[in-house]
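Quick caveat: nothing in here was measured; it's all calculated off a predicted structure.
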Amino acid sequence: MDIRSLYSQTPACTRSQNTLPFFSQSCQGDIIPSVFIYEGNLMYLRNVIIATTAAFFPISAVAGSIPAPPPLPAPTATVGDNDSTDLFVGLNWTFGKTSTLEGVIGVMQTSIDSSGDIVGGRLSLHMDLLGRGNPTDIRLTGLIGSDDLAGELGLGLNFDGSGPFGVVGGVGNYWNLGTTIGFDGTFEGYVGGHSFGDFDDKPRAPVAPAPATMPPPT
């Protein structure tokens, strides 16, 4: 028998239905790697994984699960003293050696802290408005106390040459009272009002701005 006739009767090699997608079958029946089919299947699997991940885990859902950063701390508000220096005028009624209406003009300096404590001083000129013989004098006094009432202590000097005298009194909101004590033992009292106004002007802490927050991710 002719061998060539036997070889010609061998059925042609066809691709098996059970062949794996990563391999192809040769005409000799051997299974060999197919580079091109292998690379194509890798691309296919990658696309399937990406599509499945996007379907079950949307980007917005993943972004929304990221916690927002904590808010920034608000700046600390500091409170200092409220300092003021103002001109003022006033009227006093004096009594003692001579009763008369006294006009006052001067300057007052005060410093008030956040708890309402006050320190300061005033320089004032006092004149007899009724011409009853009280000499004009100048006074320099210090103030210490609260925004409701400050004690006053200082010295004065008459322009008639009668010498210095002491001043002891109190200063409130729009009013004052006290006494002058001469070094010769004489004294006079006074009570009146002034235009300096209300001591209740203690500083307030500024309103702190709302803490900055980051907007939630979309």
Minimum heavy-atom distance between S111 and D83, given as atom pair plus value: OG-OD1, 2.5 Å
Just checking L130: does its CG atom have more than 12 heavy atoms from other residues, nucleotides or ligands closer to it than 6.0 angstrom? yes
Heavy atoms, side chains only, cut-off 4.5 Å: are D147 and I118 in contact? no
S146 meets the side chain to side chain donor-acceptor pair (under 3.5 Å) criterion, sequence neighbours left out, with none
Could you go through residues 132-140 and list every donor-acceptor pair under 3.5 Å that involves a side-chain atom there, pairing it with any protein atom two or more places apart or in another chain?
residue	atom	partner	partner atom	Å
R132	NH1	S99	O	2.7
D137	OD1	R139	NE	2.8

Given side chain to side chain contact (heavy atoms under 4.5 Å, CB included), test V191 with W175 step by step and report yes or no. CA-CA 8 Å; V191 60; W175 60 269; over 6 Å; no
Closest contact, heavy atoms only, D117 versus D113: N-OD1, 2.9 Å
Would the distance check show the side chain of N158 and the main-chain N or O of D160 forming a donor-acceptor pair, the cut-off being under 3.5 Å? no
In terms of relative ring orientation, are Y174 and H194 parallel, tilted or perpendicular, with 30° and 60° separating the classes? parallel
Kindly compute the distance separating CG (L123) from CD1 (I105), expressed to the nearest 0.5 Å. 11.0 Å
According to a hydrophobic-cluster definition based on side-chain heavy atoms being under 4.5 Å apart (Ile, Leu, Val, Met, Phe, Trp, Tyr only), do F187 and V168 belong together? no
Please enumerate all residues that pass side chain to side chain donor-acceptor pair (under 3.5 Å) together with N176, with sequence neighbours excluded. N92, R122
Hey, does L91 have a side-chain heavy atom less than 4.5 Å from the side chain of L129? yes
For atom CZ of F159, decide whether the heavy atoms of other residues, nucleotides or ligands shown that lie under 6.0 angstrom number more than 12. yes
When rounded to the nearest 0.5 Å, the distance separating CZ of F95 from OG1 of T98 is 13.0 Å
So which residues get pulled into V167's cluster when ILVMFWY side chains under 4.5 Å apart are joined, directly or through others? F165, Y190
Which residues pass the ring pair (Phe, Tyr, Trp, His ring centres under 6.0 Å) test with F196, sequence neighbours left out? F199
Answer yes or no: is there a donor N or O on one side and an acceptor on the other, between the side chain of T110 and the main chain of G120, under 3.5 Å? no
When you group the ILVMFWY residues by side-chain heavy-atom contacts below 4.5 Å and let the links chain together, are L87 and M127 in the same group? yes
Quick one: name the residues clustered hydrophobically with V119, using the 4.5 Å side-chain heavy-atom rule over I, L, V, M, F, W, Y, and just say none if it's on its own. I144
Would V104 and W93 show up in the same hydrophobic cluster when neighbours are defined by side-chain heavy atoms closer than 4.5 Å? no
Output for pair (D86 CG, M108 CE), nearest 0.5 Å, gives 9.0 Å
Assess, by modelled atom type and distance only, whether the side chains of T94 and E188 contain a donor and an acceptor separated by less than 3.5 Å. no
